[in-house]
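Every value quoted in this text rests on a predicted model; they were computed, and no experiment measured them. Both counts, for ligands and for their atoms, begin at 1 and track the order of listing.
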Amino acid sequence: MLRLNKELHPDFAAEAARIDLAAPLSEAAVADIQAAITRYPVLVFRDQSLTDIQLRDFAARFGPLEIGRSAARPGRRRLAIPQIGDISNLNEDHEVRALDDRRRLDSLGNRLWHTDASYMPVPVVLGMLHAVTLPPPSPFGNGETEFADMRAAYDALTDRMRAAIEDLVVEHDVFWSRAQIGFTEFPAGEREQYPPSPQRLVRRMPDDGRKTLYLSAHASHVVGWPVADGRLLLWDLTAHATQSRFVYSHAWRVGDLVIWDNRCTMHRGRPHDEGQARDLRRATTLDTAPTLEQAA
Ligand code: OGA
Ligand code: MN
């Protein structure tokens with residue numbers, strides 16, 4: 001078992017004891033981390049110092065890695081490795097992006113409660129976010145990342161609600177999550193490249209059999225229902241699932257590496273001073289099958 005320093009939330013978040021993730025890890029060490037994630041799907045490692053190559057190589061021990069929407073775009077990019085997501089407000093020349101910069105506006109979708117890449121036919125599993133540069137405190141917030149436990153949220157539903165939503169399928173669409181913040185200026189061809197995907201609303205975690213709600217800002221409506229009814233149900237469920245009792249707020253320190261399981265948590269970034277650099281790097285593992293093909 002991975003040694004832990006402390007629980008950060010009794011249901012789902014913990015801080016691991018000191019370990020250097022840049023050093024080669026044994027199979028047993030990887031299995032220990034995997035087991036810890038099953039119990040605590042938000043797992044915090046402090047005081048890491050990983051190059052992008054080291055972050056990629058560490059993450060790849062847990063599965064094949066995603067190349068995200070932003071890295072898949074043509075043109076110059078700030079980071080060299082496509083499997084490393086650029087979770088920053090910096091442009092290709094390492095300058096803070098202007099307020100009207102389209103990539104900045106697109107990335108503000110991360111401020112809505114979501115699970116990553118749920119609009120993909122085969123979505124992702126582990127997100128691994130490493131803090132490189134952090135902004136100073138601001139009146140609007142300090143750029144924290146909040147996480148919410150979708151297993152606990154599912155468990156807290158009434159029996160009748162759980163039965164009623166058991167087999168629902170939801171359409172997830174990245175253009176819907178962006179439309180909610182008024183962002184519609186996507187690069188040419190991107191709408192065709194990322195069509196919506198159907199996902200189960202209730203999923204079962206393969207490692208411990210727990211059921212979980214699969215919600216996201218990308219979740220647009222319930223397949224087979226009038227759009228408005230489905231959207232209203234999704235809003236109700238999201239309000240339920242993001243109550244403070246289900247939430248852990250992560251106050252970043254430089255060197256943190258936070259791993260979360262996108263199948264059973266949602267997360268959102270919090271505001272910060274947009275004139276100051278915030279630079280985090282993310283590696284993400286891919287799932288193996290569409291959620292509709294996974295056991296209910
Ligand atoms: C992400 C994300 C939020 C943040 O990296 O997937 O949503 O606080 N980040 O940067
Ligand atoms: Mn995200």
Short N or O separations between ligand 1 and the protein, below 3.5 Å:
| from | atom 1 | to | atom 2 | distance (Å) |
| --- | --- | --- | --- | --- |
| ligand 1 | 6 (O) | Asp116 | OD1 | 3.1 |
| ligand 1 | 6 (O) | Asp116 | OD2 | 3.1 |
| ligand 1 | 6 (O) | His267 | NE2 | 3.2 |
| ligand 1 | 6 (O) | Arg282 | NH1 | 2.6 |
| ligand 1 | 7 (O) | His114 | NE2 | 3.1 |
| ligand 1 | 7 (O) | His267 | NE2 | 3.1 |
| ligand 1 | 8 (O) | Thr145 | OG1 | 2.6 |
| ligand 1 | 8 (O) | Arg278 | NH2 | 2.9 |
| ligand 1 | 10 (O) | Arg278 | NH1 | 2.8 |
| ligand 1 | 10 (O) | Arg278 | NH2 | 3.4 |

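- Phe12 shares a hydrophobic cluster with Leu8, Val42, Val44, Ile87, Leu129, Leu134, Phe147, Tyr248, Trp252, Val254, Val258, Trp260, Leu280; the chain of contacts runs through ILVMFWY side chains whose heavy atoms sit under 4.5 Å apart.
- Salt bridge Glu274/Arg104: present, at least one basic N to carboxylate O contact under 4.0 Å.
- The only member of His114, His218, His172 that meets ring pair (Phe, Tyr, Trp, His ring centres under 6.0 Å) when paired with Tyr119 is His218.
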Checklist line | Audit row: Ser197, Gln199, side-chain contact (heavy atoms from CB on, under 4.5 Å) steps and yes/no | finding: CA-CA 6 Å; Ser197 296; Gln199 308 289 1; 3.9 Å; yes
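- When side chains are defined from C-beta on, Leu215 counts as touching Met150, because their heavy atoms get closer than 4.5 Å.
- Residues Ile33 and Leu21 meet the side-chain proximity criterion, which asks for heavy atoms closer than 4.5 Å.
- Between Arg46 and Glu15, at least one side-chain N (NZ, or NE/NH1/NH2) sits under 4.0 Å from a carboxylate O, which counts as a salt bridge.
- The set of protein atoms (N, O or S) found at less than 2.8 Å from the Mn ion (ligand 2) reads His114 NE2, Asp116 OD1, His267 NE2, by chain and number.
- With sequence neighbours left out, Asp100 forms a salt bridge (Lys or Arg N to Asp or Glu O under 4.0 Å) with no residue at all.
- For the pair Asp32/Arg3, no side-chain contact is recorded, criterion being any heavy-atom separation below 4.5 Å from C-beta on.
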